[in-house]
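Down below is the structure, laid out as structure tokens.
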Amino acid sequence: MSVITAGRPTFRLPSARFAIAVLAVVAFLAVFGGTVTPHDPLLQDPDLALRGPSLTHLFGTDYLGRDVFSRLLAGTGTTVVAALESVGVGLALGVLPGLASLWLGRTVEWVLLRAVDAVMTLPFIVFAIAVTGILGNGLTQAMVAIGVLFAPLFFRVTRAAGLSLTRAQYVEAAELFGASRWRILRTHVWGKVVPTVAVTAAQATGGALLAVSSLTFLGIGVQPPAPTWGGVLASELGFLSQQPWAPVIPAALIMVAVAALNALADAIRPGGVA
Amino acid sequence: ACGDGTVAGPSGTAGGTLKWGWSSVTSWDPVTSSAGWDVHLLSLVYAGLTKLDEKGNAVPALATGWKYDAAGTTLTFTLRPGLKFSDGTALDATAVKKSLERGRDFPKSLIAAQLANVKSVTAPDATTVVIGLAQADYQIPNLFAGKTGMIVSPAAFEADAAALATRPVGAGPFTLTSYVQNSKATLTRNPDYWDAANIKLGGFEAYPLPESATVVAALQSGQYDVAQIPGSQVDAAKAAGLQVQVIPSLVVAVLDVNIAKKPFDDPKVTEALRYAVDRAALLKTAQFGHGDVAYQPFPKGYAGYSNSLDGIYQYNPDKAKQLLAQSSYGTSPVEVVITTAKAEGVPEQLQSQLNAAGFKATIEVIPQAQATQLVYVQHSKALFVDQFAGRDSAVQAFQVLFGKEGLMNPGRQTPPELAEALAKVSKTPLDDPSYPSVLQAATAIAVKSMPNVFLYSVPRILARRANVSAIPEFTVVQRFEGVTVS
Amino acid sequence: MSILLSVDGLDVTFDKHRVLADLSLNVEAGEILGIIGETGSGKTTLARAVVGLSPVRAGRITFDGTDLTALRGKARRAWRRTGQVQYVFQDPLRALDPQHTVARIVAEGLTVAGTLDRAAIDARVATALTQVGLDQSLAGRLPGQISGGQRQRVLLARAVALQPRLLLCDEPVSALDASNRNHVLRLLADLRDRSGVTVVVISHDLSSLAGIADRVAVLYGGRLVEQGPIERVLSEPRHPYTALLTASAPSVRREHPIPARALRPAPDHQPVAAFGPDACSYASRCPFATGRCTAAPATVEDTVQEAWSVACHHADEWRSRLVVGAR
Amino acid sequence: MSFTIARGESVGLVGESGSGKTLTCRAVLGVLPPGVTVGGGGLQLGDTELTTLDRRGWDAVRGNRLAAVFQDPASYLNPSLTVGRQLAEQLRLKRRLPRNQTRAAAVELLSAMGLRRASAVYDQYPHELSGGMLQRALIAIAVAGEPELLVADEATTALDAAVQAEVLDLLRHLREERGLALLLVSHDLAVVAEVCDRVAVFYAGEIVEQGPTADVIANPRHPYTEALLRVASLGDWRRRDLEVIPGRPPEPGAMPIGCRFAARCAHATDACATPVELSTVDDRQVRCHRAATLELVGA
Amino acid sequence: MTTLLSRPAPVALAKPDPAPPKRRSRRWIGTLATPVVVFVFSSLLTFGLGALSPSNPAAAVLGETATPADIARMNHEFGLDRPLPVQYVDWLFSALQGDLGRSYFTTIPVADSIFAALPVDLALAGLAILLAVLIGGAAGIAAALRQGSRLDRAVTAVASALGTLPPFVLGIGLIIVFSVLLKALPAGGYVPLENGLGQWLRFAILPALALSLDIAASIARQLRTSLVGQLGENYVTGAVVRGLGTRRVLFGHALRNAIGPALTVLGIGVPMILGGAVVTEKIFNLPGLAQLALQASGQHDVPLIQGTLLVTVTVVLVCNTLVNIAVLRLTPQGKR
Ligand SMILES: Nc1ncnc2c1ncn2[C@@H]1O[C@H](COP(=O)(O)OP(=O)(O)OP(=O)(O)O)[C@@H](O)[C@H]1O
Ligand SMILES: Nc1ncnc2c1ncn2[C@@H]1O[C@H](COP(=O)(O)OP(=O)(O)OP(=O)(O)O)[C@@H](O)[C@H]1O
Ligand SMILES: [Mg+2]
Ligand SMILES: [Mg+2]
């Protein structure tokens, strides 16, 4: 397991600064993206369909003549919320059982471990498709499915961090001072589990972004005309012959966001993994 | 004129294999096949008593000819002698009788409704089949050119009917030799086909269609010789040096409207809908302009096409607004749910157009496979974005679209004058000079009295590599007489 | 002198592996006791048993009249908060929370006890750091930012800050070089001399005890084989293992009375019997073992010297069997 | 710095932590850590100049003429291969034994290192052996190619006293049996005193004193040697005041120009601020301005 | 993945005469028995998903005219009127005998559809894994050997970039480059292996590449990290000092120990490859399991969905077990 050597996130790295800048913009757009668009993201003008970039339409227009730039801005919210939704489900289903597996005895531990193994064998997108196939096609169903698949990740990470801590000598030392479990959790455990979980959450958010766009490509989850990054990308791919450059913009947007999340994960990774 | 040899072009060496990109079939059994487009692939392995020529007129096939009696209730077909199914069994009048009766009586049959009017099938001798009809119906030869009339080997369905879904036995131009669901169907030329002389291809391979983004590349790389492409790819295909044929078809985009459901229970709203739709704009985005704006179920040039309907519901949002205001829903935006299997494209655009005309439209996506259930069977949707694949017989088309039991008539109501007009069509022999005008009158009544909103015609766009000769342009069912590949 | 800590018949077992067997040992108030034994002999386990970190299967541990083995839950926590017994971990890097500063680490015991206010705690921390010879400027550093010797002292300071009566130091100097070792050992001696703290020093080599321990206890295979005043035990060992230890200790003077080789079994040595789990723990390595050694020897007090006990069947006569060859 | 080792001789290097002992060994072995290079001078093994060797040249020398053992034997063996396989590999490569003979030869070599049940040990993985056994196995691998010189960097530091004595015995034995020259590194003067003919005392990357072990110990000429002797274990178990060397060695980046030990030296004068060379008296070398005048106490 | 993280055997320090350890055999049993337990859990999950489904297949199949009696009869026919545990056990045991039920809609046996599609996935996944190992392995080793060089940085950068790329972009990108621009390979479709290796490879290579690049990137990164770690280990210095040649040190020693984590990545990659296959199959128009799942999902065809899930999970478990066995054989301690 990782040996934690230094406590502070290394935000001074240029990559970390870049990541934070990117994510700040994304966060801003997720909240206000719908209000700062130069055009109505839903406004169609078939006569202007599939035009290249211009001053009025920075990133050009899509197959219905909608402003791609506005759609990307307005789509940030749904995209980010979807990704966060799945990560939230993963956190809820992963972290608590992860801790429970450490505290609630061997039987619970065994059952949880096997259950996690079982979930880990599920192929990502096939499972999401199956869930939406059975429970209905919607963003929530798809994201819950993805979240379920993230749960083992959080489970393992939490458990690993917690496991090394239940055996850590400084925790024993604190016990020897008569510290209560709660105090130990607060002063020694929390500070180490949280960054690890945060790292995983950042990476998982990146993964969720990719999963959302893949599912959108397959027609699962968010439905048009609601704009999303993955949706814009998927639809631009249908018009490659008209605008071969067009998919590059949403693809780059997704890539940059995912890269920023990965860089952020590296930055908050406690002291690097030994 | 048996519809053969109409293709100009070099008759290349027989024996080439044509690789065709097309939607795969739901079943190889014409009786249980559930999709309209299956007919194209099915007609590779099955033959009917009749077939349709380029314009959609019934011409002889397995039968050399037919004759109605004076009342129009008895129809006698004369079979070619010595016909054989691909399993080697004889295709005689008895086989035809059994095959037709199965289509009518098989519990899982999806063509039973079309055959409901067939009272009896008798086989007085090996080459004579007599169809007894409950009511006069001159459309039967057309009807028998499609799935309904495809003759299936009784030996095969008597042994194992379920196996037909993957192992068809017919007497078509080709025989299916291997089939992997969603993957590939391999067919070889059937030398016993009655018109084998005109089949120049040695074999046929059908593949499912790829993503529209990659179809041109797939053609270029030689993965397919011919493929159906979306309108958006026409320019790309031409630019890639492919031959593109835009073949008019009976397929038409249509909105199924349920007048039993809100808000269409108010005729004003239904009428407003007709004016609220900008068909030209839809055609442009959906098909990049390939095809025509449609106000009626038939394409221009088809017998049932009525000129009087041209431009009848010209796009007029103001009029739509007015109509809505007069409706019982008042002036506030009228809420409507657009149901579709795929929200991208037309439904999105439709939503925007409706909103501009005083509606408040939302989109609801249902799985394609559930559409039949929810829209056609349970009639639980008010407005469904649909396509009508056309039917071999005009009356049949009317029945599907407007009949009381018609799939695409979720409101389940047919005005009496339409029923009357239709009965008249059935009773008019196809070669009767008044037939077109009778049919056109029915079309006009239907379009004016029924809620279905026709949007645009959907031509069959085929792109082919240079090694393939031109594809004959059949409106209804694609055929391959004379096609060569080198 | 009074007995401060008494270990009586201690038995510790990890998953069927008996690590300490029937171990009895007294620590007198104000003394420095050295516990010595090879790797894996159970020294750490013993110390951890005293502070309640080892799974004790049998036996009693009494500290100044309090039965520590009987303490559970709240009572144990309350007792621990008094800080009377402090255990200094073997591995300083692992025993320090990498995210806490030196000052916070040293203050932890006081903060947990909650009897002092902030200022008093700060003062105690400063005193403790001075006591162990650490510069105040280190107070703000993290454990990763100081040297091994300094970490060892931070660990000591954390214990000292609580003004304990008994200090259990687990290998406090084995990772240090000679000069630094002496430094830390001096510190322990000072603590005892100035504050009267009783100190137990655990070690695997004799040099760590040089010059400071009053008494020494020798562990082998989870049993106490010999204990007594350090000078006597090391100059005239009565147990063959103790003798081997002293003979093996490297010395600049090459002055050992018995060469180590004579105390090891010859390469072709065949054990006289099969030694089971109840045998003398040293029997399988002992060149003097006989059939008697298949039973664990009783602990025998020396008749002359008080508090010098040995557990060996052949304590009195193994020397006579020595084959002293040339080196 | 320079020192020589005669055929079959054993030389000890002693000094505090960080004085450069390990770097010296690594330089001899040609495995300096990245970023560290030999600044000048040469390394001669017999008549081969080592510093100019390429990788292939080194591979021919290492294992055949030059071998090494280190402080933490467990980490110097591949954890996922049995001890026997690693020894056999060495025998095959360096002694050109055919495959079918290596096992017997390996088992014999392991027994010669004092390992009991050598053929069982052959099939065990490093983590299944105790430290003492591992060090013997490592020595077996080292001497498998019958080298002329064995470098032992703190080879016994991590072992228990009793085991350490056994391993030191083994090294002595190997010298006698095979005429192996030994370069033994330790921070414990006592260990070097046990095994080595000559000793070189290191301080801050320099040799400060060098000579026959017994002489150096009995009669140190450099104050640092004296200080080391004072803090070393003396086999004296009475309670007494323990001595320490005050201060800390200079940091590698901040070496004083003069005598590097001056700051911690009880005998330092102003003269000590000037650079000082290694001077040779009889068979002793000392790096001290006051070597001739000081009266130092030995053990 | 499952047994890898089990606790390392405590390294007993004092062992004058260590007995041959027993733990190894216990680890073997764990490695082989755990997948069975996990399979039961996964099957429960798969079955439960179907049981959760709100749609009643009888009603769906029978349609509008169905009477309650018809539905009851149909339910009985499907066996849906029995208690869930009985249904589960029955389903599982039938599944173990290769009977996965029949599709609600086409009534084609699910097993038939799946076993027609499975070879495509297996062949493709096999090729993808091979490519991932070759590409990722070579890149990782090269980067680790020239640590800090331009090559190393390039490998790291490309590997990170691949991890941020939506999978379908990769697929379409490959088509554009190799099919449209270079016209070297077909843009989609599939021929089975029986038609000859060369033919098959022409069609399989692009999708396999699209599937593998992601995993290759992970392998490269992981291998680089662990190899750099191993190359810094003492035993490597030890091997160098013993005069073993560069190649021997790398392949005989360092790589052996570095490969474990990379193999684990591969183990985790198998479900990713099979999961990613959906997108790839759609883009390249391949008749695989994922297409089947997508189609079944569109039809709410519960038996078909359950069947595809169960078969995929089984494939994943088998692969993982193989990976675990490989890791076990390579590293006697399991985990260092
Ligand atoms: N938590 C544990 N679980 C199982 N066995 C343990 C545990 N702790 C210690 N042991 C075993 O108990 C024995 C004694 O261990 P202990 O740590 O007390 O030895 P030690 O004398 O302190 O050794 P060292 O000098 O290496 O510190 C060893 O064999 C060890 O493997
Ligand atoms: N890779 C390296 N890069 C730069 N400096 C180094 C490196 N390795 C060691 N040093 C420095 O070189 C000096 C000598 O180190 P060396 O390891 O040789 O000491 P040593 O005498 O063996 O100490 P020890 O007794 O702790 O093993 C030390 O000051 C150390 O900080
Ligand atoms: Mg210990
Ligand atoms: Mg060193």
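Only heavy atoms go into these numbers, but all of them, side chains included; no hydrogens, no water, no symmetry mates. The structure displayed is predicted, hence computed values, not measured ones. Quick note on labels: first sequence line is chain A, next is B, and so on, each numbered from 1.
Contact record, Arg285(C) with Ala162(D): NH2-CB, 4.0 Å, taken as the closest heavy-atom pair. When all heavy atoms are compared, the tightest approach of Ala249(C) to Glu194(D) is O-OE2, 4.4 Å.
Atoms CZ and OG, on Arg264(D) and Ser179(C) in that order, are 6.0 Å from each other to the nearest 0.5 Å.
With a threshold of 4.5 angstrom between heavy atoms, Leu263(C) does not approach chain D through any atom at all.
The closest side-chain heavy-atom distance from Arg264(C) to Asp169(D) is below 4.5 Å. Considering only heavy atoms from C-beta on, Gln164(D) stays 4.5 Å or farther from Ser248(C) through its side chain.
Residues in residues 158-179 of chain D take part in no ring-ring contact (aromatic ring centres under 6.0 Å, His included) pair, two or more places apart or across chains.
No donor-acceptor pair under 3.5 Å is formed between the side chain of Asp160(D) and the backbone N or O of Glu38(C). In terms of modelled atom types and a separation under 3.5 Å, the side chain of Arg261(C) and the main chain of Glu166(D) share no donor-acceptor contact. A donor-acceptor pair is defined here as one N or O able to donate and one able to accept, closer than 3.5 Å; no such pair exists between the side chain of Asn182(C) and the backbone of Leu242(D).
Residues passing the ring-ring contact (aromatic ring centres under 6.0 Å, His included) test with Phe288(C), sequence neighbours excluded: Trp318(C).
No more than 12 heavy atoms of other residues, nucleotides or ligands lie within 6.0 Å of CD in Glu108(D), so this atom counts as exposed by the packing criterion.
Taking Leu244(C), Asp205(C), Asp214(C) one by one and counting their heavy-atom pairs under 4.5 Å with chain D, the maximum is reached by Asp214(C). Interface check for chain C: of the options Ile245(D), Val244(D), Val191(D), the most heavy-atom pairs under 4.5 Å are formed by Val244(D).
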